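Written below as structure tokens is the structure these notes are about.
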Amino acid sequence: MSDTTLRITEIFHSLQGEARTVGLPTVFVRLTGCPLRCGYCDSAYAFEGGTKMSISDITQQVEGFGANYVCVTGGEPLAQPACTELLASLCDAGFQVSLETSGAMDISPVDPRVSVVMDLKTPDSGEVDRNLYQNIALLQAKDQLKFVICSEQDYLWARFKVDEYQLHNRVGDVLFSPSFGDLPAVQLAEWILRDNLPVRFQLQLHKQLWGDKAGV
Ligand code: SF4
């Protein structure tokens, strides 16, 4: 077991709110810190603070919940270099592991057993210049790519990126999600249908259930 430490904001058991495993009981490991400042961020409480924990202790705590799925999230998990060791350890322990990442960090060191859920930041996130487009070539069918859409401008930009990189042919799912409180969900649904886009519309399940509450 590893003594390598990471700074952790919280570890909790909930239903996966997004992506392919939506609705499945999952343990979330939220790493502290993020170099981005997206306008719609709902986890700013993870920017600072946290508790130092060894990978052995994290793994032990995760095992205590008895779930099969583990989601490593943030903040931006990859901002802590030891995150890649944590991901590999969780895979070694037999969990189905996913990683939520902003798309601003190099994903090449991530263990190939991990399902990567990567954002491409849209113009209205305020962080579009942080996208590391070379990550796209590393994504595979086990992975997912997510756009959080704040406006019609964002939608048109995201639609262009799907076509430009043929994203639907690279990853398991291209996810389009309305930014909670910025864009009516039904508006995004209608645009996707109008344009017959090869993407998956999604609502954040945990927001429907618990609103903006942290740790659920
Ligand atoms: S990358 Fe994620 S955690 Fe970081 S500011 Fe953006 S939404 Fe928040």
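For the numbers below, each heavy atom of this structure counts, side chains included, while hydrogens, waters and symmetry mates do not. Quick caveat, the model's predicted, so the values are computed rather than measured.
Atoms CD1 and CH2, on I149 and W191 in that order, are 8.5 Å from each other to the nearest 0.5 Å. The distance from the OG1 atom of T9 to the CZ atom of F28 is 14.5 Å, given to the nearest 0.5 Å. A distance of 10.5 Å separates CG of N135 from CG of D143, quoted to the nearest 0.5 Å. Here NZ of K121 is found 7.0 Å from NZ of K146. Values are rounded to the nearest 0.5 Å. One distance of note links CG of L138 with CG of D106; it measures 7.0 Å at 0.5 Å rounding. The CG atom of L145 sits 12.5 Å away from the NE2 atom of H168 when rounded to the nearest 0.5 Å.
Taking the six-membered ring wherever Trp is involved, the centroid distance between the rings of F201 and F176 does not fall below 6.0 Å.
In this structure, the side chains of I136 and R170 come closer than 4.5 Å at one or more pairs of heavy atoms.
Residues Q144 and S115 approach most closely at NE2-OG, 3.9 Å, considering heavy atoms.
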Practice problem: Would you sort out whether L31 and V29 count as a side chain to side chain contact (heavy atoms under 4.5 Å, CB included), showing the intermediate values? | Solution: CA-CA 6 Å; L31 272 60; V29 180; 3.8 Å; yes
Self-check item: Test salt bridge (Lys or Arg N to Asp or Glu O under 4.0 Å) applied to R113 and D92, step by step
Solution: CA-CA 10 Å; R113 293 170 290 179; D92 289 346; 2.9 Å; yes
Exercise. Show your working on side chain to side chain donor-acceptor pair (under 3.5 Å) between Y45 and E10 and close with a plain yes or no.
Key: CA-CA 10 Å; Y45 63 93; E10 56 186 355; 2.7 Å; yes
Quiz item: What do the steps show when you test E85 against S2 for side chain to side chain donor-acceptor pair (under 3.5 Å), and what is the final call?
Solution: CA-CA 9 Å; E85 188 180 336; S2 172; 2.7 Å; yes
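Residue pairs meeting the salt bridge (charged side-chain N to carboxylate O under 4.0 Å, His left out) criterion with at least one member in residues 185-195, sequence neighbours excluded: R159-D195.
Looking at residues two or more places apart in sequence or on another chain, you find no side chain to side chain donor-acceptor pair (under 3.5 Å) involving S98.
Taking a cutoff of 4.0 Å between a charged side-chain nitrogen and a carboxylate oxygen, E127 and R37 do not qualify as a salt bridge.
A side-chain donor from one of E76 and T101 sits under 3.5 Å from a side-chain acceptor of the other. Judged purely by distance below 3.5 Å, without hydrogens or angles, the side chains of T26 and Q16 never pair a donor atom with an acceptor atom.
No more than 12 heavy atoms of other residues, nucleotides or ligands lie within 6.0 Å of CD in E48, so this atom counts as exposed by the packing criterion. Atom CZ of R200 sits in a sparse spot, with 12 or fewer heavy atoms from other residues, nucleotides or ligands closer than 6.0 Å.
Listed by chain and number, the hydrophobic cluster partners of Y40 are V148, where partners are ILVMFWY side chains within reach of under 4.5 Å, directly or through others.
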